[in-house]
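One structure, as structure tokens, below. Some questions next.
Indexing begins at 1, ligand by ligand and atom by atom, following the structure's order.
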Amino acid sequence: MNQNILNSIISDKKEGKKRLALLLDPDKLALKDIAKKVDLIEKTKADFVLVGGSLLFTNVMDDFVSELKKHTSLPIILFPGSALQISNEADGILFLQLISGRNPEYLIGNQVIAAPLLKQTQLEVIATGYILIESGRETTASYISNTKPIPAHKPEIAMATALAGQYFGHQLVYLDGGSGALHPVPESLIEMVAKNVTIPVIVGGGIKNRFQLDAAYEAGADVVVIGTAFEDESFQI
Ligand code: 1GP
């Protein structure tokens, strides 16, 4: 299995280069509008496109990703809410383990269902410790996963969780306030995690403007993910 995506994130981290990923939800973007959206993606100077969602109502993953591929050469990475969101058309997948929660289905159950399906694909599988952080209101991710996010004012719990993930062999850690979060992940929390793990740190959820993006980078995020604010076109670089 190639490790191109992960290796590029790791080498950029070493050089202190920050990366931007835009998250597209196939429920919210019609196939016919993808080409137009890709223009914006290129203008935003994104490095990756993530595709997925905690709960999808449409079953168009293959068509969605192949349409994207027609218009962009950026790496397409799946960010799946379940094993139903696997598509061999993409380049890689964040193989998520929801380590902030205590729900066995999201710690190992869904992963067992997904593993043999992933073996039949060419996808770069990236082991990711996925950590939900409380962000001002309940998010779809915490409701659907039936897990409690880590309190935003408890950076030490997030740090211990991320470190446990790293010792388990996770290749990335993703701190997520959840889609449409009221407040982004606090800088103090990002900083404590980033200072204590050696793996790259992804941060997302509720980032609405350049100021919040830069604050996340400054605090130690290696990759920042923007979904909602890019989708509604309120975010401009
Ligand atoms: C959600 O981190 C992503 O899992 C992006 O969140 O939609 O709030 O940007 P937003």
Closer than 4.0 angstrom: is that true for some heavy atom of Y174 and an atom of ligand 1? yes
Could you list the donor-acceptor pairs under 3.5 angstrom formed between side-chain atoms of residues 179-195 and any protein atom two or more places apart in sequence or on another chain?
{"from": "S179", "atom 1": "OG", "to": "T228", "atom 2": "OG1", "distance (Å)": "3.4"}
{"from": "E191", "atom 1": "OE2", "to": "K195", "atom 2": "NZ", "distance (Å)": "2.8"}

With atoms numbered from 1 as shown, which atoms in ligand 1 lie under 4.0 angstrom from a non-hydrogen atom of T228? 7 (O), 8 (O), 9 (O), 10 (P)
Under 4.0 Å between a side-chain nitrogen and a carboxylate oxygen: does that hold for K18 and D214?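 Salt bridge: no.
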For G206 and ligand 1, does the shortest N/O to N/O distance drop below 3.5 Å? yes
Does at least one non-hydrogen atom of A229 fall below 4.0 angstrom from an atom of ligand 1? no
Sub-4.5 Å side-chain heavy-atom contact between L213 and L20: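 L213 reaches L20 side chain to side chain.
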Which atoms of ligand 1 sit under 4.0 Å from any heavy atom of I226?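 Counting from 1, the qualifying ligand atoms are 9 (O).
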Under-4.0 Å heavy-atom contact with ligand 1, by part of F79 that carries it: side chain
Write out the residue and atom name of the closest protein heavy atom to atom 9 (O) of ligand 1, then the distance separating them to 0.1 Å. G227 N, 2.8 Å
Considering non-hydrogen atoms of the protein only, which is the closest contact for atom 4 (O) of ligand 1, and what is the distance?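 Result for atom 4 (O) of ligand 1: D176 OD2, 2.5 Å.
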Under 3.5 Å, which donor-acceptor pairs link side chains of residues 49-65 to any protein atom two or more places apart or in another chain?
{"from": "T58", "atom 1": "OG1", "to": "D27", "atom 2": "OD1", "distance (Å)": "2.5"}
{"from": "D62", "atom 1": "OD1", "to": "S87", "atom 2": "OG", "distance (Å)": "2.6"}

Can you list the ligand 1 atoms lying under 4.0 Å from a non-hydrogen atom of G180?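 The list of qualifying atoms is 7 (O), 8 (O), 10 (P).
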Which ligand 1 atoms, with their elements, are less than 4.0 angstrom from a heavy-atom of L23? 1 (C), 3 (C), 5 (C)
Quick one, I41 and F230 - any side-chain contact, counting heavy atoms below 4.5 Å? yes
If you count the atoms of ligand 1 from 1 in the order shown, which ones are under 4.0 Å from a heavy atom of G204?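 What qualifies from ligand 1 is 2 (O).
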With a 4.5 Å limit on heavy-atom distance, are the side chains of L175 and I131 in contact?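 Side-chain contact under 4.5 Å: yes.
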Is the shortest heavy-atom distance from the side chain of L117 to the side chain of T121 under 4.5 Å?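 SC-SC contact between L117 and T121 ruled out.
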Using the ring centroid of each side chain, check whether Y106 and Y130 are separated by less than 6.0 Å.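 No; Y130 has its ring centre 6.0 Å or more from that of Y106.
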